[in-house]
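Only one structure is covered here, and it is reproduced in the block below.
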There are 4 protein chains.
Amino acid sequence: MSITTKQAARAIELAAAKAQEIKVPVNIVVLDTGGHLKHFVRMDGALLGSIDIAMQKAKTSMLFRMNSESVGEFLRPEAAAYGLENTNNGLVGFAGGRPIFSNDEIVGYIGVSGGAVPQDLLIAVEGCRI
Amino acid sequence: MSITTKQAARAIELAAAKAQEIKVPVNIVVLDTGGHLKHFVRMDGALLGSIDIAMQKAKTSMLFRMNSESVGEFLRPEAAAYGLENTNNGLVGFAGGRPIFSNDEIVGYIGVSGGAVPQDLLIAVEGCRI
Amino acid sequence: MSITTKQAARAIELAAAKAQEIKVPVNIVVLDTGGHLKHFVRMDGALLGSIDIAMQKAKTSMLFRMNSESVGEFLRPEAAAYGLENTNNGLVGFAGGRPIFSNDEIVGYIGVSGGAVPQDLLIAVEGCRI
Amino acid sequence: MSITTKQAARAIELAAAKAQEIKVPVNIVVLDTGGHLKHFVRMDGALLGSIDIAMQKAKTSMLFRMNSESVGEFLRPEAAAYGLENTNNGLVGFAGGRPIFSNDEIVGYIGVSGGAVPQDLLIAVEGCRI
């Protein structure tokens, strides 16, 4: 099962509400399990450079079916996985990209960018409560 | 003035309602006046290939501040503007991309793809009634 | 010899004066003989989509050391040069790109876009009178 | 408000005067607030490789509405934002890209490259005194 229009809208709504609560304008993207764009919102005032970062976080999460910061563990210099960050037209290894579950199954991926990393994470986690 | 989060959501809502009414699942994109992504929705069942077509229609409209089908007039073989379609990383010259006006000023651009061209047009026109 | 900063600025100045005279806001680009950007001006009100068209016209002229519309002769369907328009990351075969001469030698290339093709041509010709 | 032809020309003029004073030939680019090219000058003798560096500095500044060296803080290995430098088709995190203000509002962005980084910075700062 891949995420529905209604589920994606709900994820965006939850994430945006948290972003407004903590007063951080962000870009929020939802991809389906194939990595294709399903829903996207740029909140007023969000940085233009964060559009692509949000996309790349969600994409990275989708490619490895894990949180973007978990992929980041393999991107650390100590991991010695030379060039890994350049595969797949670029990977992003910090928090804000996560799988969205429904009935214990991954149905899509969320990516959030625009605030400090812990803020992006907080907002992304909230978006996954669909 | 560039389009607000609220205006973009309203444009998507109006377009999606028309798409549901005529039973055509589409991709709907809203760009700001600089061409940066503001809001995107893919309705359940919409073709994946239409994601990019919707994006390119909106982009083409933005680049020339006119409807995408008006740009298409310059892309007809008779216009002899050889290679024009390859500029700007590709132009799309059929209906579904249009400027969104507010108070007689362009505030953004909509792009719709997924149905037959007249259906995409109908949905895009509806999305501009913000 | 390749075009100097002073010569390029003069070409832009002459072209822009003509554009203002005929009231057509355009994008004007000057490349050196190696095709590298030397000078660029976007006049207020010029279409964003014409930035790349101006660039591509000048590039096409540079690649074949002739006017862009002369390259266009080879891009006509009758020329049967299948795929030619896709070489060099895209060629543009209509007027507005031309070599700039100094002492009977090509020193650079101008590209103009934003108006109707005959207007772009008129402006480009003026820019070559350095 | 986005930068005017006249303001952009003034920014280039100021920056180029400083570059000549300190005898460093540079590339100078001015973008509007949406990141679209407004004005560009390559001074005689400036390195060809610095054309794109100047462009990327200005782009990076535009994307995050801050100086390019401030974006660089997030690109340091200690920041552990793995892959950030690959987003947005590449970011540049050293000095020479800056917002241009007019009446306490950002109207555009300047990017300078060709000299040592402190020289590029000095020239960019001067270009912002419009």
In this structure, CD1 of B:Ile3 is separated from CZ of A:Arg42 (nearest 0.5 Å) by 10.0 Å
In terms of heavy-atom contacts, does CZ of B:Phe94 have more than 12 from other residues, nucleotides or ligands at under 6.0 Å?
-> yes
B:Thr5 and A:Asp44 side chains, donor-acceptor separation under 3.5 Å | yes
Output for pair (B:Asn27 CG, A:Lys38 NZ), nearest 0.5 Å, gives 8.5 Å
Residues in residues 47-61 of chain B that sit under 4.5 Å from chain A, counting heavy atoms only = B:Leu48, B:Ile51, B:Met55
Greater than 12 external heavy atoms within 6.0 Å of A:Phe64's CZ = yes
